[in-house]
Amino acid sequence: MKPGDHVFLVDGSSYIFRAYHALPPLTRKSDGLPIGAVSGFCNMLYRLLRETEKTEIGVKPTHIAVVFDASAITFRNKLYDQYKAHRPEPPEDLRPQFGLIRQAVKAFNVASVEQLGYEADDIIATYASQARAAGADVTIVSSDKDLMQLVGPGVVMYDTMKEKRIGEPEVFEKFGVTPDKVADVQALAGDSVDNVPGVPGIGVKTAAGLITEYGDLETLLARAGEIKQPKRRESLIEHAEMARISKTLVKLDCAVPLECPIDALAVASLDGVRLVGFLKTMEFTTLTNRVAAATETVAAEVKPVPVTIKFWPPGADGTGAVFAPAEDATGAATPMSGSSEAEAAPRRVTPSKTVSVAPGDFTPAQLVESRLAAAKEQPVDNTAYETVMSLERLDEWIAVAREAGHVAFDTETTSLDSMMAEMVGFSLAIECGRACYVPLAHRAGGTGLFDDGPIIGQIPFPEALERLKSLMEDESVLKIGQNVKYDAAIMARYGIAVRPIDDTMLISYVLDAGKGGHGMDELSERWLGHKPIAYKEVTGSGKAQIGFDRVPLDRATAYAAEDADVTLRLWRVLKPRLVASGLTTTYETLERPLVPVLMHMERRGIAIDRQILSRLSGDFAQGMARLEAEIHEKAGEPVNIGSPKQLGDLLFGKLGLPGAKKTATGAWATGADVLQDLADQGHELPRLILDWRQLSKLKSTYTDALPGYVHPETQRVHTSFALAATTTGRLSSSEPNLQNIPVRTEEGRKIRSAFVATPGHKLVSADYSQIELRVLAHMAEIPQLRQAFADGIDIHAMTASEMFGVPVAGMDPMVRRRAKAINFGIIYGISAFGLAVQLGIGREEAGAYIKKYFERFPGIRDYMEATKAACRRDGYVTTVFGRRAHYPEIAAKNPSLRAFNERAAINAPIQGSAADVIRRAMIRMEPALAAAKLSARMLLQVHDELIFEVPDAEIEATLPVVREVMETAAEPAVTLRVPLKVDARAAHNWDEAH
DNA sequence: CCTATATCGTA
DNA sequence: GTACGATATAGGA
């Protein structure tokens with residue numbers, strides 16, 4: 001580096017985002033791979049190398065580097081944890097382009113620089129400073145205002161898109177101060193994009209005035225008392241410390257310990273074959289020809305080079321998409337930073353043998369086939385994994401993950417409960433068979449209470465956590481997990497926000513709901529033909545079970561790394577199936593975004609009043625004891641009322657009561673329906689037993705059990721929502737199940753009243769009115785139903801009026817009740833038998849009702865027949881949003897099994913579409929509340945109801961927002977032919993809010 | 001100690 | 001008639 005040299009420093013990361021938004025979307029012709037940003041970048045870089053002398057800059061570079069952000073966390077996050085906290089995830093079609101642009105830089109034979117823990121801006125600042133010290137000139141290729149503080153003698157910026165030079169006058173125009181004071185102005189004004197706080201009430205204009213008047217930030221803060229405007233004076237005094245922190249955030253670091261020396265940035269000649277090969281792969285025809293001409297390369301003789309594509313473009317339906325190979329030998333052999341090959345080579349984890357395929361060779365379906373074949377071909381070997389015991393090795397694994405652009409991971413903990421579990425270690429997998437386990441908190445020895453302390457040689461927890469965080473929060477690396485909600489919840493407790501993500505469990509769920517479970521072991525056996533080590537095999541079970549922190553490292557590595565390896569393999573098989581099946585949009589709009597939403601809900605939990613529950617337990621116990629005594633007296637012998645077997649023997653054996661039925665296994669049936677019949681005939685014992693059962697149920701399942709779920713630290717109850725448990729798309733709730741809290745009886749509602757808002761808050765319950773019937777009215781296009789919903793008429797009364805020809809006004813409640821039962825029956829895939837049981841009438845009468853109903857609403861019968869036919873044809877049925885539910889036994893020989901599948905197939909699109917609607921509402925709720933500056937927190941979902949905790953002062957403002965989001969949740973994907981109606985109420989407890 | 005069954009709470 | 005999960009009992013290992 002010497003005077004007269006000219007260093008070009010390209011701000012790669014900001015260019016990517018700017019190009020993406022500024023340029024029209026562009027996809028590769030042969031397969032739809034998004035390449036708009038790559039194209040813009042290549043054209044720019046070529047012009048920089050070849051044509052800058054024709055621009056305002058007037059010179060060609062002697063040295064050039066493209067600088068990227070390597071990680072989401074830097075010293076600035078330690079200083080201020082909110083720094084860049086509100087960055088949205090990059091758009092789906094931009095993500096694969098990060099990696100491609102890095103590969104483009106190398107194809108241009110230009111240094112690509114990025115360093116862990118440093119922002120691109122700081123690296124640029126350091127190079128600029130070194131270049132100036134050596135007497136060279138600097139052009140920073142960026143329009144980012146954060147870099148403008150570097151402008152000065154010998155340093156200019158260049159905006160390639162506007163082809164505009166940014167020198168001191170331009171900086172002054174923007175900030176009202178000279179470049180050396182820009183950081184002071186930014187410190188005062190703050191920055192919403194980077195989430196730099198600044199001083200409230202002070203914008204760029206005011207800040208520039210103040211800095212001009214007082215000279216610099218410190219002087220201003222010292223003399224803030226002299227400011228005349230009272231508001232401004234107080235704000236400055238109060239927020240002086242925030243201003244100082246902001247200054248540190250915006251001030252660029254010129255002393256980054258550079259891994260790639262500045263002299264290594266010297267411009268090298270273009271390798272025509274290499275560059276043309278890359279450009280041909282990208283199918284940039286014009287640029288390919290220009291480069292070929294300039295480098296005297298015969299383009300026709302150059303083969304396209306394989307490139308690494310981090311993950312697939314979504315493709316709305318996937319039908320037309322074709323893919324380049326997901327990986328190849330060059331991807332792993334290409335250095336990622338400007339550091340030398342010699343230094344980079346030994347750090348690399350050796351790639352396994354991979355096949356190189358030219359782009360365009362695969363259709364999605366063929367890709368699925370080849371992936372399936374490959375999955376069976378390369379067996380899982382769980383003895384070949386690495387146990388990572390040094391920070392150096394961990395860094396190497398992370399570097400390889402960054403290069404690959406995706407990594408499968410798994411977290412090992414002390415508990416299955418994500419609110420309690422401590423992280424014990426984590427595993428990573430980068431390609432099939434190439435996985436490691438990083439133990440962090442394993443303890444030696446110990447079958448008893450005492451152990452021999454931590455195993456020595458493990459990486460210290462804080463250091464490992466820092467590295468893990470940088471990888472997990474790296475926007476350009478896709479994190480692949482199995483049931484990511486669990487791992488993300490654990491990591492959230494360690495201050496790590498995992499994103500972007502893919503979840504193999506959810507991919508499987510979208511593809512194969514109804515075809516079996518979606519647990520990892522099951523998927524592995526199904527798709528890979530491999531049975532992974534069972535958790536119990538390494539930890540034992542029952543009394544002898546040990547925590548994962550006591551599992552010896554070799555066993556732990558085999559188990560944990562295998563999980564990551566299997567997850568990666570599953571992803572490679574399942575992810576292309578999404579595109580091939582046209583389900584990418586379903587996955588990306590209804591499943592994946594719900595992961596953080598549910599994680600937040602689970603972590604918030606809900607408060608319960610333990611005093612209420614404890615009092616109820618006492619009341620119920622008393623009632624049970626009283627009933628028990630009476631039952632034993634009437635029975636004439638002691639009987640375990642909780643034992644259906646003993647009850648059956650007593651009632652139908654010893655006492656010989658009439659109406660005995662048998663269960664599927666031949667035992668006496670003693671269900672509530674049977675006992676109710678007997679009670680209605682005047683028998684006392686069944687009545688007493690029913691009462692006892694109710695109390696027993698409420699006590700054991702709710703009042704006794706719920707306090708045991710109160711978390712010791714949060715003092716709240718944290719349920720777990722399962723995303724992939726149902727065939728229809730509904731969520732489920734467990735440990736504890738908060739979706740079946742009693743509401744129908746007065747006694748039961750007392751339990752609901754124990755769910756309370758925290759002081760100063762209320763619970764808000766917002767529920768969809770008749771959502772399933774509305775969905776049915778939409779799908780089957782029933783004119784009377786649509787009209788009734790449009791007019792806000794009582795839907796069951798309308799049904800009764802249509803069927804029985806009676807006016808709605810003054811209707812007999814029994815008539816309405818019958819119509820209501822029929823409406824529910826329709827949703828459940830009605831049968832004469834079921835309706836008869838429900839209404840306590842004969843099969844013939846029930847059949848006549850159904851016939852009558854279909855006469856009045858022929859569209860419903862058409863819908864049902866069409867749904868069954870579609871299910872027989874496709875094996876699945878579809879919701880209005882495209883979710884599928886499979887019923888493989890729809891054509892079973894066994895008539896009752898077949899009928900059951902038909903009813904389920906009729907119900908699934910109705911229940912599932914409603915489930916999709918509320919999922920969409922939940923996904924939009926957090927941003928909608930944030931946009932309205934409301935602090936309401938979503939706590940629970942109960943299928944058609946959402947429960948929030950809202951500060952007292954915000955109730956009025958929150959209700960309309962919640963209602964609006966829920967009522968418009970179907971839009972714009974689907975325009976329902978009926979309106980959705982939401983009722984919302986606030987109260988101190990759940991009973992009163994509902 | 002583990003699993004199947006019956007029962008019953010919710011939408 | 002659909003979709004779930006929790007509990008207690010009972011029986012086999």
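Proteins get letters first, then strands, A, B, ... in listed order; numbering begins at 1 in each.
- Residues Y853(A) and F857(A) place their aromatic rings such that the two centres sit under 6.0 Å apart.
- Contacts of A908(A) with the nucleic acid, taken as non-hydrogen atoms under 4.0 Å apart, are absent.
- Residue pairs meeting the ring-ring contact (aromatic ring centres under 6.0 Å, His included) criterion with at least one partner in residues 878-913 of chain A, sequence neighbours excluded, are Y876(A)-H886(A).
- Contacts of A489(A) classified as side-chain contact (heavy atoms from CB on, under 4.5 Å), with partners at least two apart in sequence or in another chain: S418(A), M599(A).
- Side chains of L594(A) and V597(A) form a contact here, defined as non-hydrogen atoms less than 4.5 Å apart.
- A search for side-chain contact (heavy atoms from CB on, under 4.5 Å) contacts involving V837(A) returns F833(A), not counting sequence neighbours.
- At a threshold of 4.0 angstrom between heavy atoms, the contacts of A705(A) are confined to the sugar-phosphate backbone, with no base atom among them.
- Scored by the side-chain contact (heavy atoms from CB on, under 4.5 Å) test, D677(A) finds Q681(A) as partners (sequence neighbours excluded).
- In the displayed structure, K852(A) atom NZ is contacted under 6.0 Å by at most 12 heavy atoms of other residues, nucleotides or ligands.
- When the P atom of dG5(C) is taken as reference, atom NZ of K697(A) falls 13 Å away, rounded to whole Å.
- Residues passing the side-chain contact (heavy atoms from CB on, under 4.5 Å) test with E992(A) are A987(A), N989(A), sequence neighbours excluded.
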Between protein and nucleotides 11-13 of chain C, what N or O pairs are separated by less than 3.5 Å?
none

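- In this structure E525(A) satisfies the salt bridge (Lys or Arg N to Asp or Glu O under 4.0 Å) test together with K531(A), sequence neighbours excluded.
- For H683(A), there are no ring pair (Phe, Tyr, Trp, His ring centres under 6.0 Å) partners two or more places apart in sequence or in a different chain.
- Donor-acceptor pairing under 3.5 Å is lacking for the side chains of S720(A) and E735(A).
- Atoms CD (Q911(A)) and P (dG1(C)) sit 17 Å apart, rounded to a whole Å.
- Proximity note for Q646(A) (side chain, C-beta onward) versus dA3(C), dT7(C), dA10(C): the nearest is dA10(C).
- For DNA chain C, the neighbouring residues in residues 829-861 of chain A, judged by any heavy atom under 4.0 Å, are I830(A), S831(A), F833(A), G834(A), L835(A), Q838(A).
- For the pair Y828(A) OH and dC4(C) P, the interatomic distance rounds to 13 Å; values are reported in whole Å.
- Taking atom CG of D649(A) as the reference point, atom P of dT9(C) lies 16 Å away to the nearest angstrom.
- If you measure from atom NZ of K868(A) to atom P of dT2(C), you get 13 Å, rounded to the nearest angstrom.
- In this structure, Q770(A) atom CD and dT2(C) atom C1' are separated by 16 Å, rounded to whole Å.
- Qualifying salt bridge (Lys or Arg N to Asp or Glu O under 4.0 Å) partners for E602(A), counting only residues two or more places apart in sequence or in other chains: K485(A).
- The cationic group of K662(A) lies under 6.0 Å from the six-membered ring centre of W668(A) and within 45° of the ring axis, placing it in a cation-pi geometry.
- Here chain A contacts DNA chain B (any atom closer than 4.0 Å to a heavy atom, that is under 4.0 Å), and the contacts span dC1(B) to dA11(B) from 5' to 3'.
- Put simply, CZ on F620(A) is 18 Å from C1' on dA8(C), counting in whole angstrom units.
- Rounded to a whole Å, the CG atom of D944(A) is 16 Å from the P atom of dC4(C).
- Taking a 4.0 Å limit (strictly below) on heavy-atom distances, residues 729-745 of chain A reaches DNA chain B at R730(A), Q739(A), N740(A), I741(A), P742(A), V743(A), R744(A).
- Side-chain polar atoms of S896(A) and N894(A) form a donor-acceptor pair below 3.5 angstrom.
- Within the nucleic acid shown, D767(A) has no heavy atom closer than 4.0 Å to any nucleic acid atom.
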